[in-house]
Amino acid sequence: MDSKKYNGIYLSVLAGAGGDDAKDWADMLFRMYVRYADRKGWKTTVVDDRILHIKGEGVYDILKSENGVHRLVRISPFDAKKLRHTSFALVEIIPAIPTPELSSVRIPEKDLKVEFFRSSGPGGQNVNKVETAVRIVHLPTGIVASSQSERAQSANRDRALEIVKIKILELMKEKRETAVENLRVKVKPEWGHEIRSYVLHPYKQVKDHRTGEKNSRVEEVLEGNLDLILKTG
């Protein structure tokens, strides 16, 4: 498909095992991408916790290579002994496919678990009053998506279902499967070889393990200057 017709991307960051350190690392990565998008002049919408909708020129082509496991090595701020910890987070980039193209993805209602909860983010006046936020689980695969960026429950449901359908389309391409009903394998993040490492101790370096690109200005990268390490040409 032509990336120019995508309606931007959905970027999500999932914390790996490791408790507070892993959650903090996922938050750091999420902030990095928000700041990078700001640098690029892209429009961003926080859809849910660590889920970002980004719209802008070339956003998919530039960020699609961020898919994968990112590793952080640092002195843990949560360790009273000030020991060095390694944390992992999974970054997921999916194109925001236009709604008409998603109409071909038909999911039986029995395969969906829909949960409603109170919005805790940018949900406006309804925060903590009405269960406007929505989480949808596609039971056969374990694919999950949620949204709390809209004020209306129905709009959040539509947004979450859109993300579920996009993930299913991506999985169908990966598995070379033509029927949604044949997707029966639970999808789980695989914490394998990282695509990039960010080392803050005992030395400072960010390294992309695919391109071999290295840079000692790791703090600047984490502040959103991804162009120091990201190949965009």
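Hydrogens, waters and symmetry mates play no part in the numbers below; they use all other heavy atoms, side chains included.
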Is there a side-chain contact between Lys204 and Arg217 (heavy atoms, below 4.5 Å)?
-> no
Before accepting this row, confirm whether a basic side-chain N of the pair Glu162/Arg159 lies closer than 4.0 Å to the acidic partner's carboxylate O.
-> no
Work out which heavy atom in Pro77 is nearest to a heavy atom in Asp21; give both atom names and the distance.
-> CD-OD1, 3.9 Å
Are the side chains of Arg151 and Thr132 in touch, meaning some heavy atoms are under 4.5 Å apart?
-> no
Residues pairing under ring pair (Phe, Tyr, Trp, His ring centres under 6.0 Å) where one sits in residues 61-80, two or more places apart or in two chains, turn out to be His70-Tyr198
May I ask you to decide whether Asp61 forms a salt bridge with Lys64, counting only side-chain N to carboxylate O separations under 4.0 Å?
-> yes
Quick one: pull up CZ in Phe88 and CD in Glu194 and give me the separation to the nearest 0.5 Å.
-> 5.5 Å
Please report the closest heavy-atom contact between Ile62 and Glu57, naming both atoms and the distance.
-> CD1-O, 4.5 Å
Report the distance from atom CG of Leu228 to atom CG of Leu222, rounding to the nearest 0.5 Å.
-> 11.0 Å
First locate atom OG of Ser104, then atom CE of Met172, and finally report the distance between them rounded to the nearest 0.5 Å.
-> 7.5 Å
Salt-bridged, Glu150 to Arg157, with N to O below 4.0 Å?
-> no
Would you call Thr141 and His138 a side-chain contact if the rule is heavy atoms closer than 4.5 Å?
-> yes
Electrostatic pair Asp227-Lys40, nearest N-O below 4.0 angstrom = yes
Are the charged groups of Asp208 and Arg210 less than 4.0 angstrom apart, N to O?
-> yes
Side-chain contact test, heavy atoms from C-beta onward, threshold under 4.5 Å: evaluate it for Val105 versus Ile166 and give yes or no.
-> no
Validation row: Arg71, Arg196 side chains within 4.5 angstrom (heavy atoms) | no
Please write out which residues are connected to Val73 in a hydrophobic cluster, directly or through intermediates, given that two of Ile, Leu, Val, Met, Phe, Trp, Tyr count as joined at side-chain heavy-atom separations below 4.5 angstrom.
-> Val199, Tyr203
By side-chain contact (heavy atoms from CB on, under 4.5 Å), Lys167 pairs with (sequence neighbours left out) Glu92, Ile94, Ile143, Ile163
Main-chain N/O of Val134 paired with Glu115 side-chain donor or acceptor, under 3.5 Å = no
Can you measure from OH (Tyr60) to OH (Tyr10) and round to the nearest 0.5 angstrom?
-> 14.5 Å
